[in-house]
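Worksheet: the structure to be examined is printed underneath.
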Amino acid sequence: ALPIYDGDVLYQIHFDLDDDQIADEVIEARFGQNAAGDWGVQFSGVPGASEDLVGPVGQTLAQGGVQALGGQFDDPFFFDLQGFQDTLSTGTLSFDGTRDFVAVKNTSAIVIEFDASELAGTSFAAWGTTGRR
């Protein structure tokens, strides 16, 4: 099944640059569909980018030294659930490196890379929020 995103959700990453617990910079990410039903993602306010980064989900979008991508990806974590359960029930280590319970299970991610020097200040606090229209 094709992934479905919610075009009504706004994802934000806030940066406090002067330790007053108020965001001085905000990066926004939003998903949406075109007329053909294809999903895309838009990143706004990325430090170092002169304009929004817009493109298909799952594709790296680049501008200068800035890169961003959003979408669903194969989970990078490895876990042998059957081996874990067998180990618990028998007390004998039963892990098998060929069994990966989380293989081909999707993880949603928003990834943004930029030079931290683009943020005015020598240190910063960061936090994320989501909101619905």
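When a residue number appears, it is its place in the shown sequence, counting from 1.
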What pairs of residues pass the ring pair (Phe, Tyr, Trp, His ring centres under 6.0 Å) test when at least one of them lies in residues 54-83, not counting sequence neighbours?
Phe79-Phe84
If only atom types and distance count, is the side chain of [X] paired as donor or acceptor with the main-chain N or O of [Y] below 3.5 Å?
| X | Y | value |
| --- | --- | --- |
| Thr87 | Ser94 | yes |
| Asp52 | Val54 | no |
| Gln63 | Ser50 | yes |
| Tyr5 | Gln72 | yes |
| Asp80 | Asp96 | yes |

Once rounded to the nearest 0.5 Å, what's the spacing between atom [atom1] of [X] and atom [atom2] of [Y]?
| X | Y | atom1 | atom2 | value |
| --- | --- | --- | --- | --- |
| Leu10 | Arg132 | CG | CZ | 11.5 Å |
| Phe43 | Ile13 | CZ | CD1 | 8.5 Å |
| Arg99 | Asp86 | CZ | CG | 6.0 Å |
| Glu25 | Ile27 | CD | CD1 | 8.5 Å |
| Asp100 | Asp74 | CG | CG | 8.0 Å |
| Phe124 | His14 | CZ | NE2 | 14.5 Å |

With the 4.5 Å side-chain cut-off for hydrophobic clustering, are Val111 and Trp39 part of the same group?
no
Are Ile22 and Phe15 joined in one hydrophobic group, where the rule is that I, L, V, M, F, W and Y side chains link up if heavy atoms are under 4.5 Å apart?
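No; Phe15 is not reachable from Ile22 via cluster members.
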Walk me through whether Val57 and Phe31 qualify under side-chain contact (heavy atoms from CB on, under 4.5 Å).
CA-CA 8 Å; Val57 296; Phe31 294 91; 3.6 Å; yes
Indicate the atoms forming the closest heavy-atom contact of [X] with [Y], along with that distance.
| X | Y | result |
| --- | --- | --- |
| Ala29 | Ile110 | CB-CD1, 4.0 Å |
| Ala62 | Gln67 | CB-CG, 4.2 Å |
| Pro47 | Leu119 | CG-CD2, 3.7 Å |

side-chain contact (heavy atoms from CB on, under 4.5 Å) between Leu61 and Val66, intermediate numbers included:
CA-CA 8 Å; Leu61 309 173; Val66 173; over 6 Å; no
Taking C-beta and beyond as the side chain, do Thr129 and Tyr11 meet within less than 4.5 Å on heavy atoms?
no
Does a donor on one side chain sit under 3.5 Å from an acceptor on the other, for Thr130 and Gln12?
no
